[in-house]
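Notes follow the structure.
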There are 2 protein chains.
Amino acid sequence: MTEKRRTAGQPDKRRAIVDGALALFARDGYTRASLDAIAAEAGVSNRTIYNHFADKADLFQTVIQDSTRRVADTMVATVDRHLGKVTDIESDLVDLGLAWLGVLTSELAPHFALVRQINAEADHIPPAALKTWLDTGPGRVRRELAGRLAELAERGELRVDDPARAAGHLMLLISADNLTDRTALHDPGERRAMVTAGVRAFLHGYRR
Amino acid sequence: MTEKRRTAGQPDKRRAIVDGALALFARDGYTRASLDAIAAEAGVSNRTIYNHFADKADLFQTVIQDSTRRVADTMVATVDRHLGKVTDIESDLVDLGLAWLGVLTSELAPHFALVRQINAEADHIPPAALKTWLDTGPGRVRRELAGRLAELAERGELRVDDPARAAGHLMLLISADNLTDRTALHDPGERRAMVTAGVRAFLHGYRR
DNA sequence: TAATTACTGCAACGATCGGTGTAATCCGGT
DNA sequence: ACCGGATTACACCGATCGTTGCAGTAATTA
């Protein structure tokens, strides 16, 4: 044996399958996305999919784990890049928010459609898999952001009782319109307005 | 003719169908929910569904419109009840938040699972239907809440540049954990903590 | 009473889909 | 040149599903 294999089949085929499956699962959902369509999207035979994965559910969970790890890596790096050294907290948070929205509309965009599928399909996903996704995906990003906010609190820049909750609030406020009018994400002016308003709300609130 | 009919069939059967379809569409999604299962849930013959609706898509859109109107009515009434006369803004907002979460976990809960299905299925829903849903559902509630916040701003209680955006922020902060750890919604202590933290963030922000 | 309407149960059709078996082919390693 | 695993195309099975047709029945109306 020349190379140790963690999984069956050729790695490039496996990658093509996972990528194609992500595109179709994200757009069509678990039930509507057929394995024939996924095979065609991946440029692979239907039969080959079963050489790499036990069944459709196995492929789905693999796609979730793979895409989640990639996006969480990017998100964590984005948080560290913008909150590693903070000079002006308001403008730095705005920059973080703009970078955040940049990820939402990047080539990683299908992942967030997949997240919507997960949220809709939660009752039909094994609880253990849901737990793993929550912990390695949004949970991990939130912990990273919470740590940065705690640092800023120790330096006296912020007043944060519960860093994890504050991180959740900031994530929501930065991409507020992502949950209602998603078309706003593609207009640069709207993006800036949404982020600045979110950051201002996060910092100052609406009292008085 | 003794009574004018806006739609075919007997009204009670129609109501049973729409209610059963809501339960199954919300839990299983559009594709997975079968018309046989919906008919069984409604205590109605499969064939009767086609007496009231053209096809599955027609039923789905009807369910969306029906459930959306009901929930929006409840939400608007909740907003008016808690923000009609405001004495202590912080405690009144907390009460609104608790009532808000009460709706999320009430017998109207299936609606919000349906909303998750809509968000996942958006690419497969006619844009006109999506627009109508957004306008008569969350949009309507947000406008109502924005009007109340604008009142409070005029009275000098709040500082609000964009009432619609502020309303969106408040809605997000009040039910922050609804988008990640939905199990927190069923623990009274967690609910109170989530709402109070959200309201405090909305009013005061995290600066200093 | 007669007629209209709605509901029901059942069968059936065509299509789609997940999954499997099989035989042929391709390709890297020895 | 040989071998073994990987890939492919194709056919197939059983199940599910949306939808329709049809005949019978109950209820409401003229």
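Please read these numbers as outputs of a predicted model, since none were measured by experiment. Proteins come first, then strands; the chains are lettered A, B, ... in the order of their sequence lines, and each starts at number 1.
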Would you list the atom pairs, donor with acceptor, under 3.5 Å between side chains in residues 101-110 of chain A and any protein atom, with sequence neighbours excluded?
from: T105(A); atom 1: OG1; to: L101(A); atom 2: O; distance (Å): 3.1
from: T105(A); atom 1: OG1; to: G102(A); atom 2: O; distance (Å): 3.4
from: T105(A); atom 1: OG1; to: R191(A); atom 2: NH1; distance (Å): 3.1
from: S106(A); atom 1: OG; to: V103(A); atom 2: O; distance (Å): 2.8
from: S106(A); atom 1: OG; to: L108(A); atom 2: N; distance (Å): 3.0

Please give, in whole Å, the distance from dC26(C) P to D12(A) CG? 17 Å
Value in whole Å for how far the C1' atom of dG9(C) lies from CD1 of I49(B): 14 Å
With S67(A), which residues qualify under side chain to side chain donor-acceptor pair (under 3.5 Å), at least two apart? H111(A)
Please state how far atom NE2 in H52(A) lies from atom P in dA6(D), giving the value in whole angstrom units. 8 Å
Among all residues two or more places apart in sequence or in another chain, which pass the side-chain contact (heavy atoms from CB on, under 4.5 Å) test with D80(B)? V76(B), E144(B), R148(B)
Protein-proximity profile, nucleotides 14-23 of chain C, B/S/- by nucleotide at the 4.0 Å heavy-atom cutoff, equals ---SSBBBB-
Indicate every side-chain donor-acceptor pair of residues 170-179 of chain A with a distance under 3.5 Å to a residue at least two apart or in another chain.
from: S175(A); atom 1: OG; to: M171(A); atom 2: O; distance (Å): 3.1

I want to check one thing: is the phosphate of dT7(D), taken as OP1 and OP2, less than 4.0 Å away from some side-chain N or O of S45(A)? no
Could you note down all residue pairs passing side chain to side chain donor-acceptor pair (under 3.5 Å) where residues 23-33 of chain B supplies at least one of them, sequence neighbours left out? E121(A)-R32(B), H124(A)-D28(B)
Rounded to whole Å, please give me the gap between CG in L24(B) and P in dC17(D). 11 Å
Given atom CZ of F53(B) and atom C1' of dG18(D), what is their separation to the nearest angstrom? 16 Å
Quickly work out the N51(B) CG to dG9(C) P distance and round it to whole Å. 15 Å
May I ask you to decide if Y206(B)'s main-chain N or O and R200(B)'s side chain share a donor-acceptor pair within less than 3.5 Å? no
What integer distance in Å separates Q10(A):CD from dG4(D):P? 18 Å
